[in-house]
Amino acid sequence: MPKIKINGNEVEVPQGSTIIQAFKATGVEICHYCWHPGLSVAGVCRLCMVQIEGMPKLQIACNTEVKEGMVINNTSDVVKETVRWGLDFHLINHPLDCPICDQAGECGLQDQYMKFGQYDPEMAENKVKKHKVVDLGPTVVLDSERCILCSRCVRFTDEVSKTNELGIFNRGDRCEIGTVAGKPLANNYSLNTVDICPVGALTSKDFRFRQRVWYLKEADSICPGCSTGCNVKVNYNEEGLWRIRPRENKEVNGHWMCDVGRDSYKFVNLKNRLVAGKVGQRGSWQEVTATDAARSAGLKLRETVAQHGPDSVALVVTGQYTNEEYHRLFTFFTVNLESNNIFHWMNNPETTKDFDGLLFRGDRNPNTKGVVDALGSFALKAKWEDLQSQLSSRKIKVVVVAGPENQAVFPDMTEKITFFAQAESMIWLTAGQSEALNQTGAETWQIPLKTYIEKSGSFTNVQGKVQTFKVGTTIVAQAFTLSEVVELFSGQELNWNLRPHSLGGVKTNYSIANRGAL
Amino acid sequence: MPSQQSLLLSEHYGKPDFAKLEGYKKHGGYAVLAKALKMEPKAIIDEVKSSGLRGRGGAGFPTGMKWSFLPANGEPRYLLCNADEGEPGTFKDRLMMERAPHQLIEGMIISAFAIGCKKSYIYIRGEYDFAKEVVAGAIVEAYKAGLLGKNILGSGFDHDMDVYSGAGAYICGEETGMISSLEGLKGQPKLKPPFPAVQGYLRKPTIVNNVETLAAVKYIIRDGAPAYKKYGTEKSPGTKLFSVSGNVVKPGNYEVVLGMPLKDLIFDLCGGLKPGRKLKAVIPGGSSAPVLTAEEAMKATMDYECLAQMGSMLGSGAIIVIDDSNSMVDLLQVIMHFYHHESCGQCTPCREGTGWLSKILHDIASGHAEVKDIDLVKKISEQMMGKTICALSDAAAMAAISFVTKFRSEFEQHLQAGKRTLGSSAHA
């Protein structure tokens, strides 16, 4: 490990590091745009200039490897002046339209100007005019005037998505990012280009103009979109979730996530959610509190077992819940109800093994491995065919379904509702509203559940990696985790002090206040 | 030193048949190749090294040393001839290719043999249609005569050569820009390190040499390094083709020994200025080379050291002579327009700086500027120096700095005159 000196402080960094990596590792500030840890070195923004003792010219930190004994400085007047001018060069043709720019508040130009710039601009000439509102594809819009040509997006499509849609066209200050005619930026990773764009040149069609970023809060989570389990950060406010972006984890998703995963904020929001309990059947639904629904469902369950024995009830689970919830639910069924009738609902077995080679997997459940492991640890071996025969022979009276959190990835939802409705009664634990479920003729309890962002727990991803996450925010105050439902099923009381309070109905961020700072 | 041409490379350029294989052979063509192929490759490199030959493209880097940067293993390697002669004022490579294509090819085969390279390309500037035709024709002739291809002249050495046409970008004359272009990518310079000698064309070790450099190798091997060193000065040995343009009576290409006084070149060989004109300035090495004032030009000798000492450079050997009928403001505006047009746009200081300079110069030239803008030109230029991947930014900056520093009063006068004109017309 070479020992080097950065701004007078001796540090040790791994062999083969570049200077910019050494700066990052030791937390020393350095201005840069084009360098990105997940991409090749371009060396074009010319802002990470450092002074190295013994070298006549300033060097770029991103393309210079550290050597034993190197003395590096980026706080000297020469470097500061260079960086100031470097920023000025970036900004002379930039439209400075921050008030109407979506990137404002999380913009590299704004941030770095405040940190390293703060000069009085001397540019008095007309700015170069370029294309605005360029439709690059289904997800991304380009504003060429804002673009600083750092080439991150181009390198991303070359090196990561390997789809090569983007290129830099023309020369000099007429350079513009663009796509080749007939080949739009349309791949499942396209929105990463928006994340890595340090300015407001690339914006997401889904997010642009919807929120000012400084009004949004951020929470870490795990993407529930597929079995990869990308680490993500979720932006939300009191109205709900607005976007999901990747969070670095070298072992799972690197710096990236797919566009499909980014959509997994939508089903969480209020208009798609079951906000209270519902008891009844087609044409005669009665809205009750979630607690009452859970209590009466629990009563029904225990009575059925008492009357017809443990085999008269069944539990169906999907791979969309946390390991902790599976454990609690399976314990309740196998110990309290003494029933081993637990079945795993696989939504799309034929695509489960699919993988695009980068992140996206055909198994659209975040915790298939978790549910399989839990079934194994409880020595549960019931087969789907058993459920089929027991339902048609009317042996099963009550089916408890821990249904899909994200119904969109369960194309067989309607079909399965009809299938489960062969039992006398259904207890549906579900985060979302379902029209198909509202049309069922069987006596049904609908109990609202929390989504991944509203609870803590862990998912086991396809690699077998157990990834924990915490409560981000609360969208539906009445909703439960499966563990909480189990408490109510078994006639226990919940610790209501730990529950989010319902303010004027449904939305509150109380859980955050309880948890302290994010 | 007598003020005359020293015809080494260009000895037979006046003979029409020299461009054809038969004519070339009549004047001793390919005899040197036969000699070289019997030598040890290392001996050739040593000969070139001790000749002190420096790259004739612009940077003046010692050729032998460049060759010795190649890794000493059997890895495939490439030799690229840089014939993308784009430096404003330069037109020597064109002449060499049109008049003596075999001289270049012979020099290239010898060089390729020395560095153990089996494939070379001649990257010719897009606009040089005729040169391309001549060189491509000469390569065909050479193949037919067994001078290219398998087992050249029975030596067991194989070599293939091809012509590749640029598309007219100045930046493709920068060696890594040229490599990008040859690879089919956008012609823009690559980040160094790695240097081409380690990882160049197709990520293989690559040597890029100028047309004149490669042609000169032939003469070093023919006559030996000591004989070659008799030409020129100690640190700048050899002859060099200078492309003289501008306000001289006889513009053209002149091969002279390095170290010749610029004064002699202009006033003796090129017939001096037109009657009644006074010398104002000279750009000694293409538009990238800082301009010399008339006084400096009178003292300058055309070698790498003297010009470097004067803060300019020999560059590609393009001498642009400027007399008092020209406006330095207009000239700089044109030069800045050129660099603005040709910046590849990769590095921010160059992409934005060249455009900014061009606009300011336009404003100054049209009288819509203030004296402080002259200082701004200097400030911008200083921040463009040494801050980018390649030297295009430095070239633009050096030109701008030298103009506004050495001819500042002319810029100021121009602005004041412009103001008066504008003022009076506005008044009217």
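Residue numbers begin at 1 in each chain, while the letters A, B, ... track the order of the sequences. In this text the structure is predicted, and so the values were computed from the model without any measurement.
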(request) Using a strict cut-off of less than 4.0 Å between a Lys/Arg side-chain nitrogen and an Asp/Glu carboxylate oxygen, indicate whether A/Glu122 and B/Lys379 qualify as a salt bridge. (result) yes
(message) Within this structure, what is the CG-CD distance for the pair B/Leu376 and A/Glu125, rounded to the nearest 0.5 Å?
(response) 8.0 Å
(message) How about CG on B/Asn73, more than 12 heavy atoms from neighbouring residues, nucleotides or ligands closer than 6.0 Å, or not?
(response) yes
(message) Name the residue from B/Gln346, B/Gln188, B/Arg351 that meets the side-chain contact (heavy atoms from CB on, under 4.5 Å) definition with A/Val44.
(response) B/Gln346
(request) Please report the C-alpha distance between A/Cys175 and B/Lys186 in whole Å, then the side-chain angles of each, then the deciding distance to 0.1 Å, and finally whether the side chain to side chain contact (heavy atoms under 4.5 Å, CB included) criterion is met. (result) CA-CA 12 Å; A/Cys175 276; B/Lys186 186 177 177 186; 3.9 Å; yes
(message) Tell me whether the count of non-hydrogen atoms from other residues, nucleotides or ligands lying under 6.0 Å of NZ in A/Lys183 goes above 12.
(response) yes
(message) Can you tell me which portion of B/Glu342 sits under 4.5 Å from chain A's heavy atoms? Options are side chain, backbone, both or neither.
(response) both
(request) Taking A/Arg46 for its side chain and B/Lys387 for its backbone only, find out whether a donor-acceptor pair lies under 3.5 Å. (result) yes
(message) With a 4.5 angstrom heavy-atom cut-off, is it the side chain or the backbone of B/Ile389 that approaches chain A, or both, or neither?
(response) both
(message) How about NZ on A/Lys67, more than 12 heavy atoms from neighbouring residues, nucleotides or ligands closer than 6.0 Å, or not?
(response) no
(message) Heavy-atom cut-off 4.5 Å, strictly under: side chain, backbone, both or neither for A/Ile168 against chain B?
(response) both
(request) Sort out for me which of B/Pro349, B/Gly355, B/Gly187 touches chain A most, counting heavy-atom pairs under 4.5 Å. (result) B/Pro349
(message) Within this structure, what is the SG-CG distance for the pair A/Cys62 and B/Leu191, rounded to the nearest 0.5 Å?
(response) 6.5 Å
(message) I need the A/Asp88 CG to B/Thr348 OG1 distance, nearest 0.5 Å.
(response) 12.0 Å
(request) Could you tell me whether B/Glu412 atom CD has more than 12 heavy atoms of other residues or ligands within 6.0 Å of it? (result) yes
(request) First locate atom CD of B/Glu352, then atom CG of A/Asn93, and finally report the distance between them rounded to the nearest 0.5 Å. (result) 4.5 Å
(request) Determine whether more than 12 heavy atoms belonging to other residues, nucleotides or ligands lie under 6.0 Å from atom CD of A/Gln118. (result) yes
(request) Indicate the atoms forming the closest heavy-atom contact of A/Phe89 with B/Met384, along with that distance. (result) CZ-CG, 3.8 Å
(message) Is any side-chain heavy atom of B/Thr354 closer than 4.5 Å to one of A/Asp173?
(response) no
(request) Tell me, for A/Gln59 versus chain B, whether the close heavy atoms (under 4.5 Å) come from the side chain, the backbone, both or neither. (result) neither
(message) So B/His341 and A/Arg174, do their side chains get closer than 4.5 Å, heavy atoms only?
(response) yes
(request) Pick whichever of A/Leu47, A/Leu58, A/Ile148 has the most heavy-atom pairs under 4.5 Å with chain B. (result) A/Ile148
(message) Ignoring hydrogens, what is the shortest heavy-atom contact between B/Gln383 and A/Trp85? Give both atom names and the distance.
(response) CG-CG, 3.2 Å
(request) Heavy atoms only: give me the nearest A/Val128-B/Lys359 pair and the separation to one decimal. (result) CG2-NZ, 3.7 Å
(message) Just so I understand: if I count every heavy-atom pair under 4.5 Å between each of B/Lys192, B/His340, B/Lys190 and chain A, which residue has the most?
(response) B/His340
(request) Locate the shortest heavy-atom distance separating A/Arg171 from B/Ser343; write the atom from each residue and the value. (result) CB-O, 3.5 Å
(request) Let me know if B/Ile380 has heavy atoms under 4.5 Å from chain A in its side chain, its backbone, both or neither. (result) both
(message) So for A/Ile92, is it side chain, backbone, both, or neither that comes closer than 4.5 Å to the heavy atoms of chain B?
(response) side chain
(message) Please classify the contact between B/Asp373 and chain A as side chain, backbone, both or neither, with a heavy-atom cut-off of under 4.5 Å.
(response) neither
